[in-house]
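To start, the structure itself, in structure tokens.
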Amino acid sequence: VFQELRDDMPSILADVFCILDIETGCLEEKHKRDHFTQLVGACLICVPDGMLKERLDPETLESLGLIKQAQQFNQKIVKIKTKLFYKQQKFNLLREENEGYAKLIAELGQDLMGNLTSHLVLENIKSLIGCFNLDPNRVLDIILEVYECRSEHDEFFIPLIKSYMCEHQTLCHMLGFKFKFHQEPNGETPSSLYHIAAALLQHNLIALEDLYVHVSGRVVAVLVVLSSDLAAAAFVRPPDNQKLGLLEALLRIGDWQHAQSIMDQMPAFYATSHKAIAIALCQLLHLIVEPLYRRAAVPKGAKGGLMTPLRNKQALRPAESFDDLSRGVFAMLCYLGPHMSHDPILFAKVVRLGKSFMKEYQNESRQDTKDKMDSLLSCFLSTADQVLLPSLSLMECNACMSEELWGFFKLFPYQHRYRLYGQWKNETYGNHPLLVKIKAQTVDRAKYIMKRLTKENVKPSGRQIGKLSHSNPTILFDYILSQIQWYDNLISPVVDSLKYLTSLNYDVLAYCIIEALANPEKEKMKHDDTTISSWLQSLASLCGAVFRKYPIELAGLLQYVTNQLKAGKSFDLLILKEVVQKMAGIEITDEMTVEQLEAMTGGEQLKAEGGYFGQIRNTKKSSQRLKDALLDHELALPLCLLMAQQRNGVVFSEGGEKHLKLVGKLYDQCHDTLVQFGGFLASNLSTEDYIKRVPSVDVLCNQFHTPHDAAFFLSRPMYAHQILSKYDELKKAEKGSRQQQKVHKYIAACEQIMAPVHEAVVSLHLPRVWDDLRPQFYATFWSLTMYDLAVPHNAYDREVNKLKIQIKAIDENTEMPLNKKKKEKERCTALQDKLQEEEKKQLEHVQRVLHRLKLEKDNWLLAKSTKNETITKFLQLCIFPRCVFSAIDAVYCARFVELVHQQKTPNFCTLLCYDRVFSDIIYTVASCTENESRRYGRFLCCMLETVTRWHSDRAIYEKECGNYPGFLTIFRASGFDGGNKADQLDYENFRHVVHKWHYKLTKASVHCLETGEYTHIRNILIVLTKILPWYPKVLNLGQALECRVHKICQEEKEKRPDLYALAMGYSGQLKGRKVHMVPENEFHHKEQPVRSATPGTLQNGPGNTGKPAAAASAGKAEEDKSKDKSQAAQKTASKNSTAANKVSSSNGSSMPNSKEKEDKEKTTKEKKEKKDKNPGSTPEAKAGGKDKQKEEKPTDSKEKTPKADKDKRKDDKKEEKSKIDGKSAEKEWSKERDLSNDSKTKEGSKVEKNAGAGSMKSLVPRSEGVESERGERALPLSHHPNHSTVLPKSKEKDDEKKESDKSRDRSKEREKKEDRKDRKRVSGCVPDAFSESRHDKEKSEKKRDSTGAKEEKKQYPLMP
């Protein structure tokens, strides 16, 4: 029954009985033991006796009757076990049965080349074992011995062993005994033993885990070696390391799986640090990549030897495609690491495979395939990082490998390359002991070379640097750059010595420079926080020199500068400035000479020859490289926009924490770089490229928030390109040789191109701006350059003469070789022809532009509000923003004003424009940076040059100004008739006005020098230095300036050395100009001019030719200036309704009765005013009051009749000659300044208000009383003839009475004359620039009628 249920039931019951036997044997109750015995006896039917004898105790078996005696049974068991386990069967050993073993060896050693197979040999071996009773283990050992001797016959012995053996352990033990035998102190394991062990492992006849315990080999601790001796960092193979031998054998036969297992049990790169293993692994890699290399990567023309593949079928399959590389090749390369340096050929193969893959990757258009290739791309990048670059470091001076690697790397974007260089420089050298040693050696060698590098030994030192850089460029350049940051005089020899570098090294140099620039541990400011650190300046200078001289990719550096600008950091613009300057030959400096500035107004060739300090030649290639880098990476426009925005960012974002001097310097650097960079783009980009990248001016301003001056600066070349292209197109369309036709075509081209610009600029300003200026005028001003306005003939002639001199010198040079002479002469001649052709081309262009402007000028200025408002907008929106943009723009602004005057532009008042420029320069100067003040000074210099030319000669003045609307003092309602001399400012009055401007400049300069503010003093000294050729021209003004500058020199010598240097420089130049200064009476005629026979033109204008100084109601006009702005809206609204009244009041032609009444009222009022105006209230009168013992002089020119004044002038001249010299002028100046400071609380607010409003001060001379009313502190430069001490009251009254009588007579005469005139007059140009209200005009008219003689005497703001 049990057997039916389960087959193993007897065995289970036997086991149960065995347990019960043990349990019951321990019990004391005998009856339980008896019950067990009965149970077992009953079960004998189903449990065999033999099974029970195996498991039950002998005593139990005896009680059951299965054995006779337990003791005998135990003895029998012992005998059987002894026989089984301790007795050995006797076989015939070698010494006993040599015949059988000899036959065995002969059988194994026979020639295996025939049809002999392992199966036949095995049968023979079995026969020998049976015949001679041979030991099977000994036979296996002999088979292994023979296999070791004939290790090349793997295909025979492996199947034989596989068929012969039964257990893997036996074979493993036998191999273990063999390895153990060679582990003696001086023993050396044969390579054949490693080979058979590797072969058996590969065919899985033994397990690596079983064999690994039998082989010896100790891994030397890396840290111990490093700590004991750095020089011994290279691993030395210990004697007979069997693990490494086995690993090498595995690699030789291509068993990568087991080899990888062994290497995983060792430290990283420990195994491959042994040359034999590294070479074995390289050989395996050769075999695997060979087919793919032959198919895809062999260079054209290269042959190379074919490699025999492994015959071992168990080895890795060779790679046929790039996908096959991921099966094991990349892993092998990573295990190999830097030790691929042992096999440069494999290095080249891997690099070429990478190059071929990158070409396929770049040409692949399908996205799904490209996604699959991305994993391979990352594998190649990892290989480059972990294998190729570290291996290059260990190769000794292999320039070919460096160039080969660059062929691969250049296919990566610079971001990938720089990442690789960063890993190489900062991490790789710390991961490998050998590289630590190499790094230390490289630094030592670099120090040795740099200590000896000079200009004289650049060539030999350069060769040494080249050799060192082929393998370890990052370490070398890091040290060189650190030296350059400390010693900038190394820049030139270092740059010259880098000519032996490879392309890869140049790219690494670019990365190292960027890394040094971006070093967060270095401060970019000096400790005083006022200047940029010298290390940054040195690196920037190096950048410019290196990138110009060598073909290094610029994208990374340009992107770095762009990113810094995005982050609001402008320090690194210094780099861009240097790069553009060196590579494109475009210098930006405000220290240009006049000759250079003149050359900059010409064409590109003239600029290159005469516009820069250094003759920068051969910039064509470097300029092209810079342009390509900018266009390829789309950085041209972003850089421009970021620089334009960053100018204000310097002030408002960066400026808060930085010193004002540094903020100004950064602003200048940002602005200068923008100008330089924009100039580079304009001269190097093609028309299509430029137009495609630069948006329209309204987009630049409104969307990109670019300042207007920068927006027009960027757009200006585009307009010029477009106009010329259109002009050429029109010329080709309709051929005509006549000059007139060409001009018309040019004008048509301008209209077509500029029409959209005129529409675009309307959105840049409020609509009321265009009430006075036409958009056409605004766009014309901003779109033209000095190239369009004038031809610098002198500059062209100067450069042509230089070339002629060069040609002559070449001819006279006898030492120069003939071929070189010929080349140089050809170069000079070609350059001369180019310059002459360029001059001719510019001349034609200027003529066309001037003709265009002549046709446009009538529509430029509308002047719907007032002439003053028109000039204000012109200065505010055009002149002032552009005159500080660049030195050439400063000249352009001055020349443009002169051109607008010469073109006889309607509604343009030249006098008012010049007056507004010269009258108050304090606030403009105070708000300039250092470079802006240079440009502003250059602008003032050009303006003064024009004014001085007109001032110097009556003939010139009459020719250039005499009949021009810009010098009109009255505008007719019907327009300018051009023939009325009474409406023009005469020459002598103009000289008075020029003197007034010089006085104003002096006053502003002294004010700035006295403030004590660094910016004010520095800027005014720069401006004064710039305008020195034309100012000061008057001796007493020059003395006053000299006195104040001398004081600055004394005060700032110890405190602020830079101000001291500026002041000393100006002081020396000023002294040198003293010989050119003239006394005041020579500068302008101080005698009272003859009165005109037509006094009827005494208006709110400067009067007629006979008026002394454009006689007008300057005092009242000055008072009304402060009211002008508040009344502007009322004037515009009520203009039509009050037109008749305005004409009447402005012309002074009211009814005679009312006129007489007004004369009386005015006389009374004048007396009252004289009482209110205490003469001591003005600085001049105060000075006079303190010196009452001096002979009395009239305080105000109003109080003297012309005759009395003329007599008095003669007396004053004598007195002036005898009493006044330079010392008295200085004394009076300081005394007056002290008095002025006392009354500062009363006067300061008015000065600030008037100056801050930027309103034009009247060109008409003002009396002392008026000066006092406006709070102006007149500075006593000398005792002016018209200014003297106060008269007694009785004499005052007499004079007033006489004056009132004469004024009454004159008013009647004027009324009669004006009644005969058939046209109405409107307010004049210069003093009525503020468009007084009706009430103000009537008021001032009253004053003029009552004080006629006095009014005519007010020549200009006279100086005490």
Side-chain angles (χ1 to χ4, degrees), residues 88-179 181 190-211 214 246 249-259 287 308-318:
Q88 203 172 14
Q89 188 179 0
K90 184 179 178 183
F91 288 101
N92 285 321
L93 299 179
L94 185 59
R95 64 178 181 274
E96 296 172 350
E97 192 56 64
N98 49 18
E99 182 182 354
Y101 287 109
K103 288 184 180 293
L104 174 64
I105 292 170
E107 186 71 24
L108 293 172
Q110 61 185 314
D111 187 9
L112 303 176
M113 297 301 293
N115 295 325
L116 192 64
T117 63
S118 60
H119 180 69
L120 292 174
V121 173
L122 181 62
E123 292 301 320
N124 293 338
I125 290 173
K126 286 180 179 178
S127 301
L128 290 172
I129 291 173
C131 180
F132 293 100
N133 199 20
L134 301 178
D135 183 358
N137 290 331
R138 183 59 182 157
V139 170
L140 179 59
D141 181 55
I142 289 174
I143 292 174
L144 291 175
E145 288 286 346
V146 174
Y147 180 21
E148 189 178 340
C149 294
R150 307 181 71 181
S151 57
E152 68 277 7
H153 296 289
D154 292 327
E155 65 278 1
F156 173 79
F157 284 100
I158 293 298
L160 178 64
I161 294 171
K162 193 181 289 186
S163 303
Y164 178 84
M165 60 175 290
C166 57
E167 290 185 3
H168 297 297
Q169 288 290 342
T170 305
L171 181 58
C172 191
H173 287 313
M174 285 195 172
L175 282 174
F177 279 122
K178 289 182 179 292
F179 279 111
F181 175 75
S191 58
S192 55
L193 179 59
Y194 291 128
H195 176 78
I196 64 169
L200 293 174
L201 281 171
Q202 186 178 30
H203 290 84
N204 295 318
L205 295 178
I206 56 176
L208 179 62
E209 294 79 8
D210 296 334
L211 180 63
H214 295 289
L246 177 61
L250 287 167
L251 293 172
R252 295 280 182 197
I253 65 170
D255 186 1
W256 170 244
Q257 183 180 357
H258 288 98
L287 295 171
T308 306
L310 288 171
R311 292 176 297 172
N312 188 351
K313 294 180 181 179
Q314 300 291 325
L316 288 174
R317 285 187 293 115

Minimum heavy-atom separation for [X] to [Y], with atom names?
| X | Y | result |
| --- | --- | --- |
| A197 | I206 | O-CD1, 4.1 Å |
| A198 | L246 | N-CD1, 4.0 Å |
| A199 | D154 | CB-OD1, 4.3 Å |
| N204 | H258 | OD1-CE1, 4.1 Å |
| M174 | N137 | CE-O, 2.8 Å |

ask   = Got a sec, which residues hit side chain to side chain donor-acceptor pair (under 3.5 Å) with E107, two or more places apart in sequence or on another chain?
value = Q110, N124
Atom [atom1] in [X], atom [atom2] in [Y]: separation rounded to 0.5 Å?
| X | Y | atom1 | atom2 | value |
| --- | --- | --- | --- | --- |
| S151 | Y194 | OG | OH | 14.0 Å |
| L120 | I125 | CG | CD1 | 11.0 Å |
| Y164 | T170 | OH | OG1 | 10.0 Å |
| L160 | L108 | CG | CG | 6.5 Å |
| D255 | L208 | CG | CG | 9.0 Å |

Quick one, [X] and [Y] - any side-chain contact, counting heavy atoms below 4.5 Å?
| X | Y | result |
| --- | --- | --- |
| I105 | E145 | no |
| I253 | Q202 | yes |
| F156 | R150 | no |
| V139 | L128 | no |
| Q169 | D210 | yes |
| L116 | D111 | no |
| L251 | W256 | yes |
| I196 | L175 | yes |

inquiry  = Check this for me: Q257, atom CD, are more than 12 non-hydrogen atoms of other residues, nucleotides or ligands nearer than 6.0 Å?
reply    = no
Partner residues of D141 under the salt bridge (charged side-chain N to carboxylate O under 4.0 Å, His left out) criterion, sequence neighbours left out = R138, K178
key: Whether Y147 and F157 hold their rings parallel, tilted or perpendicular, with breakpoints at 30° and 60°   = parallel
ask   = Taking it one step at a time, do L171 and K162 satisfy side-chain contact (heavy atoms from CB on, under 4.5 Å)?
value = CA-CA 10 Å; L171 181 58; K162 193 181 289 186; over 6 Å; no
query = Run the side-chain contact (heavy atoms from CB on, under 4.5 Å) check on I161 and L144 step by step: do they pass?
reply = CA-CA 8 Å; I161 294 171; L144 291 175; 3.8 Å; yes
key: Trace of the side-chain contact (heavy atoms from CB on, under 4.5 Å) decision for L211 with L200   = CA-CA 10 Å; L211 180 63; L200 293 174; over 6 Å; no
query = Does the side-chain contact (heavy atoms from CB on, under 4.5 Å) test come out yes or no for L104 and I129, once each step is laid out?
reply = CA-CA 9 Å; L104 174 64; I129 291 173; over 6 Å; no
